Amino acid sequence: MAGILARSARSALRATTQTPRLSFALAKPTTPSQINTHAAPPTRRFLATTAASSEQPRLRLGSEAPNFKAQTTQGEIDFHTWLDGSWAILFSHPADFTPVCTTELGAFAKLAPDFERRGVKMIGLSANDVSSHGRWIADIDEVSNTTLKFPIIADADRKVAFLYDMVDQQDLSNIDEKGIAFTIRSVFVIDPARKIRLTMMYPASTGRNTAEVLRVIDSLQTGDKKGVTTPIDWQVGDDVIVPPSVSTADAKKKFGEVREVKPYLRYTKI
Ligand code: BEZ
């Protein structure tokens, strides 16, 4: 499925945009298992790309969001400087002028006030250059009747996509004649200490759910402020959970009423 979608998106891309060739030189694979000796030349070129990605940092919840410099639709940025001690979401797209991505960016653009209210900066990424992004934003604004105001990273060479492991295993081996892999739909929520607090990865075939992105931000920010956790499908205003590390006596002092369903499952209101 991903392969079919990726192939059709590649055809669409060729018709609408110029996708530059991979422009960064990377280390050769180091182990025999990483080298497909029967591969056609473009595949070998691509495998060299994946070998370099094996040096990427492991991105776990709590890891520092790796820094990078990149061109964006609002000029060159140093990512850590751009974060500037704020909450942020970094979200990626496979390519400009693709249908699902167009709907997603329109939706994120419309929700900019909701992210701003939560103190969350937004930055998108797509694997094309700035001039392509500029033309695509005009389409997004027209289709979704919005004005997209946040920057979109130009990641035509997939440097940031590989740094953040925003790539699909199938696409790693299912490459086009340019020897490049598509970027998947990833979301990283980053906190003011630059720690990765949430990751989501969606296949190219499935658009994300903006309400869920806002919901987890609400949960993270509530948890940080109040020292509570949130149950399944929690929404702002619902009861929260007293974490196991807090005794019921302490929870009562802190929150007032505590509803004990099981000794380990205790709800309270905030
Ligand atoms: C899209 O519709 O956005 C899309 C679909 C397949 C591959 C890349 C993008």
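First listed ligand is number 1; within each ligand, the first listed atom is number 1. Computed from a prediction, not measured in an experiment: that's the story for all the values here. The residues of the chain are indexed from 1 along the displayed sequence.
For the residue pair His133/Asp96, the side-chain donor-acceptor check at 3.5 Å is satisfied.
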Discussion item. Test side chain to side chain donor-acceptor pair (under 3.5 Å) on Asp129 and Ser131; report intermediate values, then the result.
Written reply: CA-CA 6 Å; Asp129 62 25; Ser131 70; 3.3 Å; yes
For residues 254-265, tabulate all N or O donor-acceptor pairs below 3.5 Å that involve a side-chain atom, not counting sequence neighbours.
from   : atom 1 : to     : atom 2 : distance (Å)
Lys254 : NZ     : Lys226 : O      : 3.2
Arg259 : NH2    : Asp239 : OD2    : 3.3

Only pairs under 3.5 Å count here: list side-chain donor-acceptor contacts from residues 136-150, not counting sequence neighbours, and write none if there are none.
from   : atom 1 : to     : atom 2 : distance (Å)
Trp136 : NE1    : Thr102 : OG1    : 3.0
Asp141 : OD1    : Leu148 : N      : 2.8

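In this structure, Lys121 satisfies the cation-pi test against Trp82, with its NZ or CZ atom closer than 6.0 Å to the six-membered ring centre and inside 45 degrees of the ring normal.
Under 4.0 angstrom from ligand 1, the non-hydrogen atoms of Arg185 all belong to its side chain.
Those atoms of ligand 1 that come under 4.0 Å of a heavy atom in Pro99, given as number and element, are 1 (C), 2 (O), 3 (O). Near Ala204, with a cut-off below 4.0 Å to any heavy atom, the atoms of ligand 1 are 5 (C), 6 (C), 7 (C). Close contacts between ligand 1 and Pro94 involve ligand atoms 8 (C), 9 (C) [criterion: under 4.0 Å to a heavy atom].
Within the set Val100, Thr102, Thr103, Asp96, the minimum heavy-atom distance to atom 1 (C) of ligand 1 is found for Val100.
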